[in-house]
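Notes to accompany the following structure.
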Amino acid sequence: MILIIDDDIAVRTSLGLLLKQAGYPTKSVATPEDALRIVQETPPRLLLMDMNYSLDTSGQDGLRLLGQVKQMAPQVPVILITGWGSITLAVEGMKAGAAEFVTKPWNNDALLQTVRTILSLQEPEPEAEAGTLTRRQLDKQYNFQGIVGQDARLLHVLRNVGQVAATDASVLIEGESGTGKELIAEAVHQNSHRRRQPFVKVNLGGVSTSLFESEMFGHRRGSFTDAKTDRVGRFELANGGTIFLDEIGELDLGSQVKLLRVLQDRTYEVLGDSKPRRLDIRVICATNRNLAEMVQQGRFREDLFYRINLITVRLPALRERPQDIPLLVQHFVDGLRTTYNRPALKVGTRAQHWLQEQLLPGNIRELKNLVERAVLVSGKDELGPEDFQAQSQRLPPRPAETGELPEPGTMTLDELEAQMIRRTLEHYNGNISRVAKALGLSRGALYRRLEKYAIPFDAE
């Protein structure tokens, strides 16, 4: 049974009919007192509750009720119903234990999808004993093609991915660069009911502020100076499927507001066309940053943070699962045998042990590059530790002192130029005029380089 709590009879009736047509039994009450009585007597599967029940519209009575419900029946999920202007209040509710929030006026399809997702996440996991879980068992239940490893931390992640994939829950994937966040996002999609629909990847770190709306939502011909043809946005391309927003921590605050609107209402407008369009989409985000810390610093919106992380998946760094390194090396070598027509190629045991002892700050991506370089440079069929040591010494060194130039041969001029532009942008807080002057460039030349290196900036 789903319990609806709202002092407006029209809201109670509307929600009751919507949920009944979707096959959910419901009960409706108008006051917090009645709600608490039902929760105590017969705990419902889910609560849909308003935030205001008196002339005082501060929402404090709703937060009080939420706290009482969570104390009485902590296992019961709660979805808050609030106006768009009360998003801050909804965020307070999320901190207090609410599972999700929807805004008035709600979209029926989006609300039903949220209800289905929350209820699915409440269902018990198929595996009774987490300790008995093996990679073979996981592969029988789910499609994790391309993900290599048997470490307990990775298996825990894959188990969560398999469970969450069947829902439409928003997923936030956290982890260092090179840990395989994109592969996990693809696994969520491939194991969902949307697997036959589009999977669209967007690297938000490469989308400039000035082009954000055009890139994400599309534009009509003539909507701005350079709009010579119509453009289909990434959200429209992903409609019906999954959109993967990588590097979401790089998004500026202005673009975060626009993204929040889309994720909240599941509607968007194409530039140059004022007709709202509806979306049926699943959102997966990834970052190598600490978003919770960025929220505290005011660099990431708290409401967006809670909107994208209904489920959080943290990928372990490669140094946290060193026993998977030989499996990954073997996987890379298997592919390289075919690619370079070297059927006898293999990596010796001593080399495997040496690789397991390395920190590999670039994680799986760094390991893959190291193996391929060693294969290309070495003429031997069996690679030893010395072959990898020679190549690891050629990796760009970690900066030891501020202002120190990299060693010759470790960085291209383009990489050095891009690094200097990023550092100067940060130093001058994104002020394009001052950055251009400091670098000895015209504004036009700087803009061309920003676009060339896909460096995000605020248009002045």
So which atom in [X] and which in [Y] form the shortest heavy-atom distance, rounded to 0.1 Å?
X: Ala169; Y: Val164; result: CB-CG1, 4.3 Å
X: Ser177; Y: Asn363; result: O-ND2, 2.9 Å
X: Arg319; Y: Leu359; result: CB-O, 3.9 Å
X: Gly93; Y: Leu66; result: O-CD2, 3.3 Å
X: Phe144; Y: Gly162; result: CZ-N, 4.1 Å
X: Ala99; Y: Leu310; result: O-CD1, 3.2 Å

Keeping [X] on the side-chain end and [Y] on the backbone end, is there a donor-acceptor pair under 3.5 Å?
X: Gln141; Y: Leu138; value: no
X: Asp34; Y: Val29; value: no
X: Asn309; Y: Thr312; value: no
X: Glu320; Y: Ala317; value: yes
X: Ser120; Y: Arg116; value: yes
X: Arg443; Y: Ile432; value: no
X: Asp230; Y: Arg221; value: yes
X: Tyr306; Y: Lys95; value: no
X: His193; Y: Thr167; value: no
X: Arg220; Y: Gly272; value: no

Side chains of [X] and [Y], heavy atoms from C-beta outward: is any pair under 4.5 Å?
X: Leu121; Y: Ile311; answer: yes
X: Leu318; Y: Leu328; answer: yes
X: Leu155; Y: Arg135; answer: yes
X: Leu450; Y: Leu425; answer: yes
X: Phe332; Y: Asn369; answer: no
X: Val295; Y: Leu304; answer: no
X: Arg278; Y: Asp265; answer: no
X: Phe217; Y: Glu269; answer: no

Spacing of [atom1] belonging to [X] relative to [atom2] belonging to [Y], to within rounding of 0.5 Å:
X: Asn203; Y: Glu182; atom1: CG; atom2: CD; answer: 9.0 Å
X: Thr287; Y: Phe305; atom1: OG1; atom2: CZ; answer: 10.0 Å
X: Ile281; Y: Glu236; atom1: CD1; atom2: CD; answer: 10.5 Å
X: Ser28; Y: Leu3; atom1: OG; atom2: CG; answer: 7.5 Å
X: Arg234; Y: Ser214; atom1: CZ; atom2: OG; answer: 10.5 Å
X: Gln150; Y: Leu327; atom1: CD; atom2: CG; answer: 5.5 Å

Residues [X] and [Y]: side-chain donor-acceptor under 3.5 angstrom:
X: Ser170; Y: Arg282; answer: no
X: Glu176; Y: Asn288; answer: no
X: Asp168; Y: Thr117; answer: no
X: His219; Y: Asp273; answer: no

Does the distance from a Lys or Arg side-chain N to an Asp or Glu carboxylate O, for [X] and [Y], drop under 4.0 Å?
X: Lys181; Y: Glu174; answer: no
X: Asp61; Y: Arg64; answer: no
X: Arg266; Y: Asp109; answer: no
X: Asp324; Y: Arg321; answer: yes
X: Glu186; Y: Lys201; answer: yes
X: Lys258; Y: Asp252; answer: no
X: Arg12; Y: Asp8; answer: no
X: Glu426; Y: Arg423; answer: no

- Query: Testing Leu65, Asp7, Asp50 for side-chain contact (heavy atoms from CB on, under 4.5 Å) with Pro32, which one passes?
  - Reply: Leu65

- Task: Determine, stepwise, if the pair Val283 / Val262 fulfils side chain to side chain contact (heavy atoms under 4.5 Å, CB included).
- Result: CA-CA 11 Å; Val283 179; Val262 179; over 6 Å; no

Quick check: are there more than 12 heavy atoms from other residues, nucleotides or ligands sitting under 6.0 Å from [atom1] of [X]?
X: Lys20; atom1: NZ; result: no
X: Gln145; atom1: CD; result: no
X: Gln323; atom1: CD; result: yes
X: Leu253; atom1: CG; result: yes
X: Gln75; atom1: CD; result: yes
X: Lys27; atom1: NZ; result: no

- Would you check, one step at a time, whether the test side chain to side chain contact (heavy atoms under 4.5 Å, CB included) holds for Leu119 with Leu46? CA-CA 7 Å; Leu119 290 177; Leu46 174 69; 4.0 Å; yes

- Query: Are Leu15 and Trp106 close enough, and set up right, to give a side chain to side chain contact (heavy atoms under 4.5 Å, CB included), and what steps lead you there?
  - Reply: CA-CA 10 Å; Leu15 286 173; Trp106 61 81; 3.5 Å; yes

- Query: Is it the case that Arg307 places NZ or CZ above or below the six-membered ring of Phe101, under 6.0 angstrom from the centre and within 45 degrees of the axis?
  - Reply: yes

- Item | Verdict with supporting geometry, Arg231 and Glu215, side chain to side chain contact (heavy atoms under 4.5 Å, CB included) | CA-CA 8 Å; Arg231 179 188 177 91; Glu215 184 74 23; 2.8 Å; yes

